[in-house]
Amino acid sequence: MHDPSLSTAQHRELIEALALSHVLPHDTLPIDECLGRRLAVDVHSLIPLPPFTNSAMDGFAVRREDLEGEGPWTLPVAGDIPAGDTRENRLERGQAWRIMTGAPIPTGADTVVKVEHTDHAAGIAQAPDTVKIRVAPKPGANVRVAGEALEAGSPVLAAGKILDGTALSAAASVGHGTLTVLPRPRVIVVSTGTELKRAGDTLERGQIPDSNSILLRGLVEEAGGRVVARLRTGDTPEELRRALDEAPEADLVITAGGISAGAFEVVRLTLGTDAGFHHVAQQPGGPQGVGSTQVGPNGRETPVICLPGNPVSVFTTFHMYVAGALAVMSGLVAPEHGGTVPSAVIARARVGWESPSGKTQFIPLRFASQQGDEAGARWVETVHPLGSKSHLVASLAAAEAIGVVPPDVEKVEAGQELAVVPLVG
């Protein structure tokens, strides 16, 4: 009998087409709002660093040639130059200026004598009339020359960098007040089913905690998206349609549950004319949906990806398809054919397991050690003895990767190599 299921490659084509048609523009934000965001373009220095020649010490700015012969040397003090001084100060031959760390060097000066090498005590508010210099420093000592750290136009940060406090400080130090960052796609997460209860609520017979909305929120945020609403609805199309109509604007809707062949598949019933539903030859997570639907008071047409309701299916399908879609939409990867394909490494199975015939298996794995490892060899093992069955949600916390077993492999043997996709984040 002919199997009407789509292959994983065919399903990916649908996901990819959706992502490629909804690539978002970059965000340009004040630097104070960029913490944790990912840089969209290379950052170069707008100014030299330091931007002006300044003193590296508290002391006295002098001409080194005025300290020839045997010391000590006594020089008249022309005045004070504090940090932040914007005047155009000038040092005449045979003079000194008292100067603070970071203050601009006066024209004519080339060296700074540390206050410790003079007869002037540190911390005195009033500059002295004269200063006795006991030690003559090397020419150019204690002077930071404009541009010695970075010239204007020098590269500072590379596109793709996640902006932490250090990176933002670097950008600010070279003249940037705003930065261009990758957008964070706005995502609505929808979990469906009258059997779902809020996490921690008392359960009656036939009820289960709603772990999917919590799982999806974490996965979306780790993949660079931003969850703007978490909706939980029952099993009637009226409830789901009303929830979507009242939801905030978003760039993507992700639903969990309600897309199989049962009588109360609310997502399929509600979005049947908006999204295409099909079966994919994979395990877990065969039922899938891709399309668009109207969201929000203005009825904005919004992409929608519909996942099965079982948590392991949600987990594996998100990593294999949805994370890549978010990466394309945000510009993290180039918006081109193949952009949603996750990066994989080759690892060896520490122990064997069964895989369904004719289906691609996506199985949660963890990295493992193996006695007598070859140099550089990676080993993996299943996180649960039951493998990739859809209800094994509590074991997902131990997962570090997803193994991809081809449809023609019915059993993974111990020591066998396979492609392994490390988890997002």
Ion pair Arg366/Glu400, N-O distance below 4.0 Å: no

Expected output: side-chain Ser313 to main-chain Pro311 donor-acceptor under 3.5 Å: no

Pairwise distance CD1(Ile346) to CZ(Arg378) - rounded to 0.5 angstrom: 10.0 Å

Approximate separation, where rounding is to 0.5 Å, of Lys161 NZ and Thr166 OG1: 8.0 Å

Spatial distance of atom CG (Asp164) from atom OG (Ser169) [nearest 0.5 Å]: 10.0 Å

Evaluation steps, side-chain contact (heavy atoms from CB on, under 4.5 Å), between Tyr321 and Val280: CA-CA 12 Å; Tyr321 303 116; Val280 181; 4.2 Å; yes

Backbone of Lys114 reached by a side-chain donor or acceptor of Asp58 within 3.5 Å: no

Asp27/Arg37 salt bridge by N-O under 4.0 Å criterion: yes

Taking every non-hydrogen atom, the tightest pair across Val383 and Leu365: CG1-C, 3.7 Å

Salt-bridge present (Asp251, Arg186; N to O < 4.0 Å): yes

Shortest non-hydrogen separation from Gly403 to Leu418 and the atoms involved: CA-CD1, 4.0 Å

Side-chain donor or acceptor of Asn142 paired with backbone N/O of Met57 under 3.5 Å: no

Val333 to Val328 - nearest heavy-atom pair and separation: CG2-CG2, 3.5 Å

Close side-chain approach of Arg98 to His120, heavy-atom, < 4.5 Å: yes

Close side-chain approach of Leu244 to Leu231, heavy-atom, < 4.5 Å: yes

Pairwise side-chain contact, Ile81 with Met100, heavy-atom cut-off 4.5 Å (strictly under): no

Stepwise side-chain hydrogen bond (donor to acceptor under 3.5 Å, both in side chains) test for Gln282 and Thr360: CA-CA 4 Å; Gln282 65 183 47; Thr360 300; over 6 Å; no

Note, Thr101 side chain near Arg144 side chain (heavy atom, < 4.5 Å): yes

side-chain hydrogen bond (donor to acceptor under 3.5 Å, both in side chains) evaluation trace for Ser154 with Glu151: CA-CA 6 Å; Ser154 298; Glu151 296 180 358; 5.3 Å; no

Shortest non-hydrogen contact from Val174 toward His44: CG2-O, 4.5 Å

Criterion side-chain contact (heavy atoms from CB on, under 4.5 Å) on Arg38 and Leu332, from CA distance to verdict: CA-CA 8 Å; Arg38 193 180 291 271; Leu332 178 60; 3.2 Å; yes

Gln361 side chain to Glu354 backbone, donor-acceptor under 3.5 Å: yes

Short side-chain to backbone donor-acceptor contact, Arg300 and Ala250, under 3.5 Å: yes

Stepwise side-chain hydrogen bond (donor to acceptor under 3.5 Å, both in side chains) test for Thr236 and Arg242: CA-CA 10 Å; Thr236 68; Arg242 182 169 61 251; over 6 Å; no

Residue pair Ala223 / Leu326: nearest heavy atoms and the distance that separates them: CB-CD1, 4.0 Å

Exam field: side chain Glu16 to backbone Gly339, donor-acceptor pair closer than 3.5 Å: yes

Main-chain N/O of Leu271 paired with Arg268 side-chain donor or acceptor, under 3.5 Å: no

Check: Asn89 and Trp97 side chains under 4.5 Å, non-hydrogen atoms: yes

Expected output: side-chain His22 to main-chain Leu18 donor-acceptor under 3.5 Å: yes

Asn54 CG to Phe52 CZ distance, which is reported to the nearest 0.5 Å: 5.0 Å

Inter-residue atom distance Leu396.CG - Leu215.CG, 0.5 Å rounding: 7.0 Å

Contact summary for Ala399 and Leu423, nearest pair of heavy atoms: O-CD1, 3.3 Å

Glu65 atom CD, over 12 foreign heavy atoms within 6.0 Å: yes

Glu222 side-chain N/O to Leu219 backbone N/O, donor-acceptor pair under 3.5 Å: no

Check ion pair Glu221-Arg226 (N to O, under 4.0 angstrom): no

Donor-acceptor under 3.5 Å (Thr316 side chain, Val312 main chain): yes

Side chains of Leu91 and Arg63 in contact at under 4.5 Å (non-hydrogen atoms): yes

Other residues, nucleotides, ligands: >12 heavy atoms within 6.0 Å of Glu88 CD: no

Heavy-atom side-chain contact between His176 and Leu46 under 4.5 Å: yes

Heavy-atom side-chain proximity of Leu168 to Cys34 below 4.5 angstrom: yes

Phe362 and His319 aromatic centres sub-6.0 Å: no

Ser357-Glu410 side chain donor-acceptor pair, cut-off 3.5 Å: yes

Glu238 CD to Thr233 OG1 distance, which is reported to the nearest 0.5 Å: 11.0 Å

Step-by-step side-chain contact (heavy atoms from CB on, under 4.5 Å) determination, Val420 to Ile402: CA-CA 6 Å; Val420 171; Ile402 295 171; over 6 Å; no

Candidate pair Thr28 and Leu179, rule side-chain contact (heavy atoms from CB on, under 4.5 Å), full reasoning: CA-CA 6 Å; Thr28 299; Leu179 293 173; over 6 Å; no

